[in-house]
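Since the structure comes first, as structure tokens, the remarks are kept for the end.
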Amino acid sequence: MTVMVLEVPVKALVYHGPGQKSWDNVPDPSPAQPTDIVVRVDTTTICGTDLHILKGDVPAVVDGRILGHEAVGTVTAVGSAVSSLGEGDRVLVPAITSCGRCSYCKRAMPSHCQATGGIGWIFGHLIDGTQAEYARVPFAETSVHRLPEGVTDEQVLFLADILPTGYEVGVRNGQVKPGDVVVVVGAGPVGLAAIQTASLAGAASIIALEPADTRREHALRFGADVAIDPADVNAEEQVMSLTGDGLGADVAIEAVGTPGTFDICTRVVRPGGVIANVGVHGAPTTLHLEDLWIRNVTITTGLVDGTTVPMLLQLVRSGKIAADLFGTHDFALHDMMAAYDTFAEAGKHNALKVVIRR
Ligand SMILES: NC(=O)c1ccc[n+]([C@@H]2O[C@H](COP(=O)([O-])OP(=O)(O)OC[C@H]3O[C@@H](n4cnc5c(N)ncnc54)[C@H](O)[C@@H]3O)[C@@H](O)[C@H]2O)c1
Ligand SMILES: [Zn+2]
Ligand SMILES: [Zn+2]
């Protein structure tokens, strides 16, 4: 007797060089290392970084790479060294992988995990990512987060990247304290995550600077007190007038990644204040140390670590962070190409993040 095994191909969004991507048949992944798991991807999304990759801005991403670094999934296979996760477990797969053992992971900086090639962001970058029906997840026990009952995929998906980014690299690096005036330049998903978590850190007022009308509206929905168009002739004067003594904001969070928006931060921050740069810069920025040194300004930079995900998950569970506000458009996994079309023209579609489900 011949047993027929129906081979259903696994589908994934594959990068084929600048400007080229397709929804391809790919090999079904299995654990390659004892510390790996495989997850069935239940919900994933697209990041602005994926659009940068597609423009050819991230040369480490090679032809044939499956993109994506955010997912909620169900464990379907575990490597021989994995004991605390099992088939059927529902997990958040975060953007940053942590071996848990190297010197950087031990000092809570898995963004520079030495076991993953010196950078914790490997999905859809150095290894195949999560915009697929199934994904292999290395160092699973020290990287993924098992999800409690009672939270939806849509509520936790954005803990994979944008929420910890806005919080860790914006609010925490910016040392936002109760009573602070915080300016957030750029109200894309990351800026909105900074706005949302700055409120929780006790900011007395949050001022968003954002040119897109619809995103200024989103900024107010996410907790900004005022949203100003930076193209207004007196935009920066408006910001200064909102800082009580007129001397500037305690914290300025840069969430765009351009020289001009970094410069705005240097002008609206008060003496003794902090500029927290979150934006990914593709071009050099002139740092006016000749002006900044005497104003005691602190500048911080960073790649997200994701070490605050458990804390942020608690805030999502308790309803303090309305993470589902980020998901503006829904797609099925096999409509990935359409999801990219919508996300790539986010302004036209008034999109923040797309929620892509199996
Ligand atoms: N540091 C990290 O670990 C990390 C992680 C993820 C993303 N990022 C970066 O954070 C930045 C924001 O990400 P995003 O997904 O929100 O991007 P996005 O492109 O969706 O949002 C950027 C926003 O900035 C606005 N903007 C453009 N010009 C402006 C100006 N002159 N003044 C004020 N606002 C302006 C745009 O209208 C848009 O709403 C990007 O550079 C991204 O690469 C950094
Ligand atoms: Zn990302
Ligand atoms: Zn490590």
Side-chain angles (χ1 to χ4, degrees), residues 44-53 57-58 67-70 94-125 129-130 138-139 142-143 158 160-170 173 183-195 207-219 227-232 235-236 239 252-265 268 276-282 300-306 326 343-344 346-347 350-353:
T44 186
T45 184
I46 306 170
C47 177
T49 305
D50 300 320
L51 302 182
H52 279 296
I53 292 170
D57 292 347
V58 189
L67 298 186
H69 51 261
E70 300 152 278
I96 301 291
T97 298
S98 170
C99 79
R101 295 180 173 189
C102 76
S103 60
Y104 277 94
C105 286
K106 283 195 163 166
R107 62 170 132 139
M109 273 188 79
S111 54
H112 295 278
C113 177
Q114 297 298 300
T116 54
I119 183 140
W121 168 43
I122 57 172
F123 288 120
H125 179 207
T130 57
F139 298 112
T142 42
S143 300
F158 304 114
D161 185 355
I162 55 169
L163 269 162
T165 296
Y167 178 66
E168 294 175 10
V169 191
N173 280 0
V183 172
V184 178
V185 183
V190 169
L192 293 169
I195 289 169
I207 304 160
L209 276 174
E210 164 62 53
D213 298 348
T214 52
R215 291 210 163 170
R216 285 200 302 282
E217 284 164 23
H218 283 302
I228 297 170
D229 183 348
D232 286 358
E236 288 176 31
V239 172
I253 296 175
E254 200 287 340
V256 189
T258 64
T261 45
F262 183 84
D263 281 345
I264 294 175
C265 293
V268 299
N277 183 85
V278 190
V280 172
H281 289 255
T300 65
T301 65
L303 168 64
V304 64
D305 285 299
F326 289 103
F343 188 70
N350 192 14
L352 290 178
K353 291 287 270 187

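Heavy-atom basis, side chains included; hydrogens, waters and symmetry copies ignored. Quantities reported herein were computed from a predicted structural model and do not represent experimental measurements. As the structure lists them, so they are numbered: ligands from 1, and atoms in each ligand from 1.
The contact set between ligand 1 and Gly188, taken as ligand atoms under 4.0 Å from a residue heavy atom, comprises 16 (O), 20 (O), 21 (O), 23 (C), 39 (O). The atoms of ligand 1 that sit less than 4.0 Å from any heavy atom of Val185 are 32 (N), 33 (C). Near Leu303, meaning under 4.0 Å from any of its heavy atoms, are these atoms of ligand 1: 3 (O). Listed by atom number, the atoms of ligand 1 under 4.0 Å from Thr261 heavy atoms are 29 (C), 30 (C), 31 (N), 32 (N). Using a 4.0 Å cut-off to heavy atoms of Gly302, the atoms of ligand 1 that qualify are 1 (N), 2 (C), 3 (O). Using a 4.0 Å cut-off to heavy atoms of Pro189, the atoms of ligand 1 that qualify are 14 (P), 15 (O), 16 (O), 20 (O). Near Gly186, with a cut-off below 4.0 Å to any heavy atom, the atoms of ligand 1 are 24 (O), 33 (C), 34 (N).
The shortest N or O to N or O distance between Ala212 and ligand 1 is not below 3.5 Å. For a threshold of 3.5 Å applied to N or O pairs, the pair formed by Val304 and ligand 1 contains at least one separation below that value. Checking only distances, Arg215 does come within under 3.5 Å of ligand 1, N or O to N or O. Residue Val256 places at least one N or O, backbone or side chain, under 3.5 Å from an N or O of ligand 1. Residue contacts with ligand 1: Val280 is placed with a nitrogen or oxygen under 3.5 Å of a nitrogen or oxygen of the ligand (distance criterion only). Considering both main-chain and side-chain atoms, Gly279 never comes within under 3.5 Å of ligand 1 through any nitrogen or oxygen pair. Below 3.5 Å of separation, one finds an N or O of Glu210 facing an N or O of ligand 1. At a 3.5 angstrom cut-off on N or O pairs, Cys47 does not count as close to ligand 1.
With hydrogens and angles ignored, the 3.5 Å screen pairs a side-chain donor or acceptor of Glu210 with a backbone N or O of Ala187. Put simply, the side chain of Gln114 gets close to the backbone of His112: a donor and an acceptor are under 3.5 Å apart. With Ser143 contributing its side chain and Ser98 its backbone, the two residues share a donor-acceptor pair below 3.5 Å. Using modelled atom types, no side-chain atom of Thr301 and backbone atom of Asn277 make a donor-acceptor pair closer than 3.5 Å. Within the 3.5 Å criterion, the main-chain N or O of Gly279 finds a donor-acceptor partner in the side chain of Glu254.
Proximity of Pro230 to ligand 1, defined as any heavy-atom pair under 4.0 Å, is confined to the side chain (atoms from C-beta onward).
Using 4.0 Å as the threshold, Gly260 has no heavy atom nearer than that to any atom of ligand 1.
Within Asp161, OD2 is the N, O or S atom that lies nearest to the Zn ion (ligand 2). Among the heteroatoms counted here (N, O or S) of His69, NE2 is the one nearest to the Zn ion (ligand 2).
Taking atom 34 (N) of ligand 1 as the reference point, the nearest protein heavy-atom neighbour is Pro211 CD, 3.2 Å. Looking only at protein heavy atoms, the nearest one to atom 4 (C) of ligand 1 is Thr165 CG2, 3.5 Å. Looking only at protein heavy atoms, the nearest one to atom 44 (C) of ligand 1 is Val278 O, 3.1 Å. Ala255 O, 3.2 Å is the protein heavy atom nearest to atom 12 (C) of ligand 1. In terms of protein heavy-atom proximity, atom 33 (C) of ligand 1 is nearest to Leu209 O, 3.3 Å. Scanning the protein heavy atoms around atom 13 (O) of ligand 1, the nearest turns out to be Val190 CG2, 3.5 Å.
Side chains of Ile119 and Leu303 form a contact here, defined as non-hydrogen atoms less than 4.5 Å apart. Put simply, the side chain of Phe326 does not reach to within 4.5 Å of the side chain of Thr45, judged on heavy atoms. Side-chain contact between Cys47 and Lys353 is present, with at least one heavy-atom pair separated by less than 4.5 Å. For the pair Arg101/Cys113, no side-chain contact is recorded, criterion being any heavy-atom separation below 4.5 Å from C-beta on. Taking the side chain as every heavy atom from C-beta outward, His218 and Asn350 approach each other to under 4.5 Å. Side chains of Leu352 and Leu192 form a contact here, defined as non-hydrogen atoms less than 4.5 Å apart.
With the Zn ion (ligand 3) as the vertex, SG of Cys113 and SG of Cys102 span 120° to the nearest 10°.
Atom CG of Asp232 and atom CG of Leu209 lie 9.5 Å apart (nearest 0.5 Å). The OG1 atom of Thr300 lies 8.5 Å from the CD1 atom of Ile253; values are rounded to the nearest 0.5 Å.
Within a 6.0 Å radius of OH in Tyr104, no more than 12 heavy atoms belonging to other residues, nucleotides or ligands are found.
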Go through the steps for Val280 and Thr49 under the test side chain to side chain contact (heavy atoms under 4.5 Å, CB included), then give the verdict.
CA-CA 9 Å; Val280 172; Thr49 305; 5.5 Å; no

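Cys99 lies close to the Zn ion (ligand 3), since one of its N, O or S atoms is found at a distance under 2.8 Å.
Each of Ile122, Ile46, Thr44, Asp50 was checked for a side chain to side chain contact (heavy atoms under 4.5 Å, CB included) with His69, and the lone residue meeting it is Asp50.
Taking a distance limit of 4.0 Å, we find that atom 19 (O) of ligand 1 is approached by no protein heavy atom.
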